[in-house]
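Data first, discussion second: the structure below is written as structure tokens.
What you see is a predicted model; the values in this text were computed from it and never measured. Positions are given from 1, in the same order as the sequence printed here.
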Amino acid sequence: SLWQVPHTQFVTLPIGSSVTIRGTTLLPFVKDPQLQVDFHTGTSESSDIAFHFRVYFGHFVVMNSRENGSWKCEVKSSHMPFENGKPFNVRILVLHNEYQVVVNGQHSYTFAHRIQPGSVKMVQIWRDVSLTSVNVC
């Protein structure tokens with residue numbers, strides 16, 4: 001299918017653009033499924049990551065960046081708008097000074113730009129999820 005995981009898509013993300021990810025977890029939250037979204041600055045998985053968004057369903061969310069091959073200070077949030085057994089809609093908005101993450105219509109997280117979003121070339125979505133659609137506008 002089109003939406004196999006890991007799903008990799010080449011993109012440009014100017015200010016005002018957004019990435020919308022719809023899907024479901026493959027496991028109940030008690031089995032600790034995860035969702036990972038990486039905005040890479042290159043076209044390979046080893047490239048730097050301007051925005052790393054990782055959901056530990058039922059627990060917390062971690063956001064970070066990888067610069068010159070090294071992970072930086074992670075931002076952790078225990079806010080958990082995801083619901084066990086229900087489909088999710090994650091919309092990541094590229095704003096002037098930060099990414100805003102909207103989960104199921106609820107503004108949930110922000111992450112200040114450390115690497116210019118204009119340098120992002122590839123989005124990768126993976127871990128324990130089944131994807132329904134990925135839209136970049």
Side-chain angles (χ1 to χ4, degrees):
S1 86
L2 181 59
W3 308 110
Q4 282 177 321
V5 176
H7 172 72
T8 302
Q9 195 164 322
F10 299 113
V11 297
T12 50
L13 296 179
I15 303 300
S17 60
S18 67
V19 178
T20 303
I21 302 155
R22 293 185 181 87
T24 52
T25 54
L26 294 174
L27 300 164
F29 285 10
V30 68
K31 298 260 192 199
D32 299 326
Q34 296 175 29
L35 162 67
Q36 184 166 331
V37 181
D38 293 313
F39 286 9
H40 284 271
T41 60
T43 53
S44 77
E45 293 180 6
S46 59
S47 60
D48 282 353
I49 295 174
F51 181 49
H52 161 85
F53 178 75
R54 188 162 173 181
V55 181
Y56 296 79
F57 289 102
H59 302 289
F60 52 84
V61 162
V62 167
M63 293 172 285
N64 206 343
S65 61
R66 189 169 72 196
E67 302 172 44
N68 301 316
S70 300
W71 289 105
K72 299 301 172 180
C73 294
E74 70 176 28
V75 177
K76 196 169 172 177
S77 170
S78 56
H79 182 54
M80 188 48 54
F82 297 92
E83 292 184 71
N84 196 7
K86 294 198 178 164
F88 58 79
N89 181 323
V90 174
R91 188 158 170 249
I92 303 169
L93 309 169
V94 184
L95 301 186
H96 194 69
N97 52 358
E98 66 188 9
Y99 293 106
Q100 282 190 359
V101 184
V102 179
V103 178
N104 300 335
Q106 179 187 127
H107 178 271
S108 301
Y109 313 98
T110 57
F111 183 80
H113 294 310
R114 298 174 181 176
I115 296 174
Q116 280 308 307
S119 66
V120 174
K121 294 187 175 67
M122 178 175 86
V123 170
Q124 186 168 62
I125 304 153
W126 55 302
R127 300 225 182 253
D128 317 296
V129 294
S130 165
L131 297 174
T132 311
S133 67
V134 178
N135 287 100
V136 179
C137 352

- d(I92 CD1, I21 CD1) to nearest 0.5 Å is 4.5 Å
- Item | Interatomic spacing from CD1 in I15 to CG in L95 - rounded to 0.5 Å | 7.5 Å
- Item | Set of residues satisfying side-chain contact (heavy atoms from CB on, under 4.5 Å) with respect to V75, sequence neighbours excluded | M63, F111, R114
- Item | Reference residue F51; test side-chain contact (heavy atoms from CB on, under 4.5 Å); the match among I115, L13, V101, V123 | V101
- Message: Run the side-chain contact (heavy atoms from CB on, under 4.5 Å) test against R91 and tell me which residues pass, sequence neighbours left out.
- Response: S18, T20, N89, L93, V102
- Item | salt bridge (Lys or Arg N to Asp or Glu O under 4.0 Å) contacts in which one or both residues fall within residues 62-88, not counting sequence neighbours | E83-K86
- Item | Considering all heavy atoms, the nearest Y109-S77 contact | CE2-OG, 3.5 Å
- Heavy-atom check, side chain of F82 versus side chain of T25, under 4.5 Å: no
- Using the test side-chain contact (heavy atoms from CB on, under 4.5 Å), find all partners of H113 that sit at least two apart in sequence or belong to another chain. V94, Y99, P117
- So which pairs with a foot in residues 117-137 pass salt bridge (Lys or Arg N to Asp or Glu O under 4.0 Å), sequence neighbours left out? none
- Is the side chain of Y56 donor-acceptor paired with the backbone N or O of V62 at a distance under 3.5 Å, no angle test? no
- Query: To the nearest 0.5 Å, what is the distance between CG (L131) and NE2 (H7)?
  - Reply: 7.0 Å
- Gap between atom CG of N84 and atom NZ of K31 - 0.5 Å precision: 12.5 Å
- Item | hydrophobic_cluster_shared for M122 and V11, side chain cutoff 4.5 Å | no
- Taking every heavy atom of A50 against every heavy atom of V120, the minimum-distance pair comes out as CB-CG2, 3.7 Å
- Note on the structure: CD (Q36) and CZ (F53) are apart, to the nearest 0.5 Å, by 11.0 Å
- Query: What is the minimum heavy-atom distance between S47 and H40, and which atoms define it?
  - Reply: OG-ND1, 3.0 Å
- Query: Taking the side chain as C-beta and beyond, is there a heavy-atom pair between N104 and F88 under 4.5 Å?
  - Reply: yes
- Task: State, yes or no, whether a side-chain contact exists between L27 and F57 at a heavy-atom distance under 4.5 Å.
- Result: no
- Query: Under 4.5 Å between any side-chain heavy atoms of I125 and L35, yes or no?
  - Reply: yes
- Query: Can you check side-chain hydrogen bond (donor to acceptor under 3.5 Å, both in side chains) on T8 and Q124, steps first, answer last?
  - Reply: CA-CA 4 Å; T8 302; Q124 186 168 62; 3.0 Å; yes
- Report the C-alpha separation of M80 and V61 in whole Å, then their side-chain angles, then the decisive distance to 0.1 Å, and conclude whether the side chain to side chain contact (heavy atoms under 4.5 Å, CB included) test is met. CA-CA 8 Å; M80 188 48 54; V61 162; 4.3 Å; yes
- Query: Between OG of S108 and CD of Q100, what distance do you get to the nearest 0.5 Å?
  - Reply: 10.5 Å
- Message: Under the ring pair (Phe, Tyr, Trp, His ring centres under 6.0 Å) definition, can you give me all pairs with a residue in residues 114-137, not counting sequence neighbours?
- Response: none
